[in-house]
2 protein chains.
Amino acid sequence: MGRRSDTRERIQHVALELFVEHGYENTSLREIAERLDVTKAALYYHFRTKEDIVHSLIADLVTALDELLDWGRQRPSTVETRQELLRRFSALVADRFEPVMHFIQQNIPAVKKLGVMHPLGEKLRELFALLCADVDDPEAALRTRLALVALVLGLNPIFGGAQATPPPDVALDVALELVAPRG
Amino acid sequence: MGRRSDTRERIQHVALELFVEHGYENTSLREIAERLDVTKAALYYHFRTKEDIVHSLIADLVTALDELLDWGRQRPSTVETRQELLRRFSALVADRFEPVMHFIQQNIPAVKKLGVMHPLGEKLRELFALLCADVDDPEAALRTRLALVALVLGLNPIFGGAQATPPPDVALDVALELVAPRG
DNA sequence: GTCTATACTTAGATAGAC
DNA sequence: GTCTATCTAAGTATAGAC
C-alpha cells in the first residue's frame, strides 16, 4: 500500500508556527506551502479555507479544556480542587498547547473575526468561574484572572518578555498563591 | 484666514479606534477615510504610510513613559517609590493611553513588524527594572510583571474579559499588593 | 493526493488636477 | 488640503489536468 501521508498534521504544525512568528494576517498560504514544499492548491485539498486551519487548531484545545472542566465540575468546590485545576491547566499548556495559546493571545483581532471566541471563550469563562467558586470579591476575582495569566505569561513579550521567561513551576507557584486565601 | 483643520488628529483618533476594533491588518485606509468622510489620498497628505499612523500613536506613549521613568530614576529605590510608580503608570493608562495599550496588547505581530517594540519595549523593560529594584527572586519578578498586567487587564478579553472589567482602583490595589513584600 | 494556471478582489500607494 | 484616477503587488480561492 502507498505510504500514508501526514500532510494534514504537517500543515497544522507549520501554519501555527508561522502564525505565532508573523501573525495570522501576515502569514500567506503561499508561505505555508513554500515551507512545506508543496503548492497552495495542496493546502486547499486538506483545508477548505485559511480560517479552517485555525478552527482545527482551536478545536483540540477546546476538547482538552472540556475534559478538564468535566473533572472540575464533579469535584467539591474546595481550595484543593481549585489548585489542582490550576496545576492541570498549567500542565496542559506546558505540554501541548503553548503554541496555540501564544497564537490566541497575540492575535485577538483575528481570533475574534474567526468567531473562535464562542466555543473557546465559553470554556475559559467556565474555568474562571470554577476557580472563583462562590467568591464575590472583585479583588479576589482579579487575582484569579492573574493566576491564569501567570501560567501563560511566558508567551507575552510586553512587560519584559524576552529576557526572562519564568519557568512553568515558578509560574505555577505564584498562580497557586494568588488563588489561595489571604493571610 | 481659512479655518485650520484638525484632520491629522482626527485621523489618529479614528485609526486607533478601528485598529482596536478590527485589528491593524483588518483595517484598511479606505475604512479610515470613509469613517472620516474624506478620501484615501487625503490620508496620504497627513501620513506618509499606514505604518506612520501607528508610529505617531506610539510616540506619544513613549514620551509619557520617558517622563515617568525620569521621575522614577531620581528617587530612592524604596517600596514607596515603586508603589508611586505603579500609581502614576495606572493613571497614565486610565487617563490617556488605554486605547493605545489595548491596541498594542492585541496586535503584537503588527507591532513587532513595525519595529515599534524597540523604543517602546525599552521603556517598558526599564519600568519593569525600576519596579523590580534589586530583587533577584524569580517569583517576585513574576509578581511584578503581573502587577503591570493587572493595570491593563481590563483590556484583555481572554480569561473572562467582557463581563467584568475590574475598576482601575481595584486593579491598582491588587497591583500594589503584588509588589509589596510578603507577609 | 498533488499540481498548473488563472480568476477575482482588495490592499497600499502615487500622479496630477483643482 | 482634498479630489479623481490609476498603478502595482499580493492575497484567497477555484477549475481541471495528472
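Only this structure's heavy atoms are used, side chains among them; waters, hydrogens and symmetry mates stay out. Quick note on labels: first sequence line is chain A, next is B, and so on, each numbered from 1.
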Approximate separation, where rounding is to 0.5 Å, of Arg8(B) CZ and Ser56(B) OG: 5.5 Å

4.5 Å side-chain heavy-atom contact, Arg35(B) and Glu17(B): yes

Nucleotides 2-18 of chain C: protein proximity per nucleotide (B base, S sugar-phosphate only, - neither; heavy atom, under 4.0 Å): BBB------SBBBB---

Distance, rounded to the nearest Å, where Asp52(A) contributes CG and dA13(D) contributes P: 9 Å

Integer-rounded Å distance: dA10(D) P and Asn26(B) CG: 19 Å

Backbone N/O of Pro76(B) and side chain of Thr81(B): donor-acceptor pair under 3.5 Å: yes

All pairs passing side-chain hydrogen bond (donor to acceptor under 3.5 Å, both in side chains) where residues 60-70 of chain B contributes a residue, at least two apart: Asp66(B)-Lys123(B), Asp70(B)-Arg73(B)

Reported CD-to-OG distance for the pair Glu84(B) and Ser90(B), which is rounded to 0.5 angstrom: 10.5 Å

